2 protein chains.
Amino acid sequence: MKTRKAAKPDPPTQPPGPPSAGRKRVEHSKDKILTTTIELLYEAGLGLSIDEVSRRSGVAKTTIYRHWPVRSALILEACVKLTPEPRAPDHGSFAREIAELIETLAKVLRTARWTGVLPSIVDAAERDPAAARVFGQIQAGHAAPFREVIVRAQRRGELARQIDPDTMVATIIGPLFYRRWFSREPIDKAFTNLLIRQATG
Amino acid sequence: MKTRKAAKPDPPTQPPGPPSAGRKRVEHSKDKILTTTIELLYEAGLGLSIDEVSRRSGVAKTTIYRHWPVRSALILEACVKLTPEPRAPDHGSFAREIAELIETLAKVLRTARWTGVLPSIVDAAERDPAAARVFGQIQAGHAAPFREVIVRAQRRGELARQIDPDTMVATIIGPLFYRRWFSREPIDKAFTNLLIRQATG
DNA sequence: TTGCTACGCTACGGTAGCGTAGCGATAAGC
DNA sequence: GCTTATCGCTACGCTACCGTAGCGTAGCAA
């Protein structure tokens, strides 16, 4: 997503690939605009301005409005591209899988830049239905791998079937999110270990 | 924070200030301004405008600026008054106390209007140190009763001493907050019961 | 070369908000 | 009833931003 060098063989499934020779100008500018928008999201949250996107990206404001009819359209699209799609591991062992998911999420919460933007989206979701839809998508993306691993473990008989998967997801992700955005305490090994014990015990 | 009635004997902690001509008037307008500001916080979050406060409260904008030098000062003060100060119950039984705290918080998260504003404050806290300080205060207020009940139970020997109170608070409040602001699933009896079982089991 | 499309640039019109100035009105406290 | 701090009102100046218009230019394909 950063470098835009050669890389002739275009990966067909990855959208943000570098613009190869055959790429149209349109995609090139849209790319620059989106990249800058995401960068500004990191810094200013949803309050970013189109003028600033134009200034920093070097793309004329008129060009931005040629591709996105209104401000919110661009910002929503940038928000969708913000968080990576996590995947559910499949080791055949619930304990290992849930541990991996917890450790991974913990690391993401410690380091990923988008974590600074999410409250802005949560806030918008409280009032704006469009933002709520986008946020619901992001949120579901976070919860899905946990849910999948839990359901699979229940099917295998590794986990009691009367446990509600969504509830269990909340008891795992909840404390992690709490530490990142609310109490702002460190998410260290001791903390993740406790969560793992609680989930597998 | 509500009505400021007679109370002739001056509260000793508040510096009475110079015996000027219109102290009563000052407090009356400050009251109206703050009340309106909080109302607008509910509706628009931290993005509220001073002009709107003036319009809706009927207090002139100049008067607002006579009491608060800048916009942020008013908003921060309103934020501080936003959430009620919860108190820790003392029944002599950890199970009963923690259950009461969980049920109470659950009900607050389901109904209290300030829950719609908090993401706005969390977001601001990500970038603005002043907002972070205010939010830290609010957050500590939420966690304190839980922490107190846990520490007391440990002193009484009702709870294992090697458990870190802050960690335990996270595992209780975290899932509740998660449901309110992230997954947006209902916080029902089944959910709180599970948390209570998890905390006391 | 021609023609099409996307792009850059400048300049707008319009809105909203912050914070201030000046002046007359008014209510509190003596 | 007199004094004075406080308030309301109108009118600013300033900045930032949204979104658009018009016109000229650069890339690209036939």
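Quick caveat: nothing in here was measured; it's all calculated off a predicted structure.
Taking side-chain N and O atoms only, B:His67 has a distance below 4.0 Å to OP1 or OP2 of D:dC7.
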Review item, nucleotides 16-22 of chain C N/O atoms under 3.5 Å of protein N/O:
{"from": "C:dC18", "atom 1": "OP1", "to": "B:Ile50", "atom 2": "N", "distance (Å)": "3.4"}
{"from": "C:dC18", "atom 1": "OP1", "to": "B:Arg71", "atom 2": "NH1", "distance (Å)": "3.1"}
{"from": "C:dC18", "atom 1": "OP2", "to": "B:Ile50", "atom 2": "N", "distance (Å)": "2.9"}
{"from": "C:dC18", "atom 1": "OP2", "to": "B:Asp51", "atom 2": "OD1", "distance (Å)": "3.3"}
{"from": "C:dG19", "atom 1": "OP2", "to": "B:Tyr65", "atom 2": "OH", "distance (Å)": "3.0"}
{"from": "C:dG19", "atom 1": "OP2", "to": "B:Arg71", "atom 2": "N", "distance (Å)": "2.9"}
{"from": "C:dG19", "atom 1": "N7", "to": "B:Lys61", "atom 2": "NZ", "distance (Å)": "3.0"}
{"from": "C:dG19", "atom 1": "O6", "to": "B:Lys61", "atom 2": "NZ", "distance (Å)": "2.9"}

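Both the sub-6.0 Å distance and the 45° axial angle are satisfied by A:Arg179 relative to the ring of A:Phe191.
Distance B:His28 NE2 to C:dA28 P: 10 Å, rounded to the nearest Å. Across the protein-nucleic acid pair, A:Asp31 atom CG and C:dA6 atom P stand 17 Å apart, rounded to whole Å. Atom CD1 of B:Ile33 and atom C1' of D:dT6 are 12 Å apart (whole Å). A:Leu74 has its CG atom 15 Å from the C1' atom of D:dC17, to the nearest Å. One interatomic measurement links the two molecules: CD1 of A:Ile64 to P of D:dC18, which rounds to 10 Å at whole-angstrom precision.
Within the structure, salt bridge (Lys or Arg N to Asp or Glu O under 4.0 Å) pairs that include any residue of residues 57-77 of chain B comprise B:Asp51-B:Lys61 (at least two apart or interchain). Sorted by first and then second residue, the ring pair (Phe, Tyr, Trp, His ring centres under 6.0 Å) pairs with a member in residues 133-155 of chain A read A:Trp114-A:His142; sequence neighbours excluded.
Here B:Leu76 pairs with B:Ala130, B:Val134 under the side-chain contact (heavy atoms from CB on, under 4.5 Å) rule; sequence neighbours left out. Judged as a side-chain contact (heavy atoms from CB on, under 4.5 Å), and not counting sequence neighbours, the contacts of B:His28 are B:Lys32. The side-chain contact (heavy atoms from CB on, under 4.5 Å) search around B:Ala160 returns B:Gln162, B:Ile163, not counting sequence neighbours.
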